[in-house]
A.B. asks: 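Take this structure first; my questions come after.
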Amino acid sequence: MLRWLPENVSTFGQGVDDLFRLIYWITLVVFVAVIATMIVFLVKYRYQAGRKAEYIEGSTKLEIVWTAATTVIVFGLAMLSFPQWSKIKFPSEFPTNPDVVVQVKGKQFNWYMLYPGPDGEFGSEDDVEIENQLHVPVNKVVHIRLTSEDVIHSFFVPQLRLKQDALPQRFINVWFEATKPGTYEIPCAELCGFGHSGMLGYLTVHTDEDYANWVNQRWSPQ
Ligand SMILES: [Cu+2]
C-alpha cells in the first residue's frame, strides 16, 4: 500500500514519508496482533457443554504494560514528528531569503496567485494576478503567503507533502523547495462549498531557464 504514495518532489518530503511508513508499520503490527488474539480467544473460549463461566478481576500487571507501551509509542512518535512539523510549519524555521514569494488566495472556487511583479512589492500597481496557475523555479526556496477571501480552503500539493488551511482575514506562511520540474495538481482539501470538488489549480515547476522565460512573458522585470 505504501507504493500508492504520490511521487515526492519536495526537499522535506522524505522526512514526512519516513514518519508515515513508521506509523504505518506500527499500526499494522498492532492491528495483526489484536485480530490474531481475538481469533485465538474466539476459538479457545467458544461454547462447550458443561463448561462454567469463570469470574476474574482483570490483571493490573497487563494494564500497566499496555498503558506504558502505548505511552512510549505515542511520545516517541511525537518526538520524531516535532522536528518535521517545525521545519515545515514554523516560519522561524523556514529557509531565509526565498527566491520567489507568491500570495495564494482561495476564493470559491479558484486559487488566485499574486506575484509582486517587477518591483518585488505586494500591493503595488505592477502586481500580477493569475488564476489557478502557480509557476516556480526548480530547486529554489518558495514562500507562499496563504489567505482566503471567503471561507476556509486548504492548499494541498500531494507531491510536495504540503497541506495548509487558508483562512479569511489571515495570512499563513508556508514554504517549499521543489526538486523536479513538472506539473502538479493543487486540489482544495477543505470542503468549501458547492463547487469544492472542481476547485483545482496547477503548480508548474520550471527549470531556471523556463522560469525566466515565463516571467518575461508575464511581466518584464527591471
Ligand atoms: Cu476551496
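Start at 1 and go down the list; that is how both ligands and their atoms are numbered.
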A.B. asks: Counting only protein atoms, how many N/O/S atoms are less than 2.8 Å away from the Cu ion (ligand 1)?
C.D. replies: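 The number of such protein atoms is 4.
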A.B. asks: Please tabulate, one pair per line, all N/O donor-acceptor pairs under 3.5 Å involving side-chain atoms of residues 164-175, not counting sequence neighbours.
C.D. replies:
{"residue": "Gln164", "atom": "OE1", "partner": "Lys89", "partner atom": "NZ", "Å": "2.8"}
{"residue": "Asp165", "atom": "OD1", "partner": "Ser154", "partner atom": "OG", "Å": "3.3"}
{"residue": "Trp175", "atom": "NE1", "partner": "Lys87", "partner atom": "O", "Å": "2.9"}

A.B. asks: Does the gap between the ring centers of His135 and Tyr211 come in under 6.0 Å?
C.D. replies: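 So the answer is no for these two rings.
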A.B. asks: Take Phe156 and Glu190 through the side-chain contact (heavy atoms from CB on, under 4.5 Å) test and state the conclusion after the steps.
C.D. replies: CA-CA 9 Å; Phe156 184 31; Glu190 181 70 59; over 6 Å; no
A.B. asks: Looking at Glu57, I'd like to know if its CD atom is crowded, meaning that more than 12 non-hydrogen atoms belonging to other residues, nucleotides or ligands lie closer than 6.0 Å.
C.D. replies: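 Counting neighbours around CD of Glu57, 12 or fewer heavy atoms of other residues, nucleotides or ligands fall under 6.0 Å, so no.
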A.B. asks: side-chain contact (heavy atoms from CB on, under 4.5 Å), that's the test. Do Glu121 and Ser124 meet it? Break it down for me.
C.D. replies: CA-CA 6 Å; Glu121 299 280 335; Ser124 51; 4.3 Å; yes
A.B. asks: Near Phe20 CZ, under 6.0 Å, is it more than 12 heavy atoms from other residues, nucleotides or ligands?
C.D. replies: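 Open.
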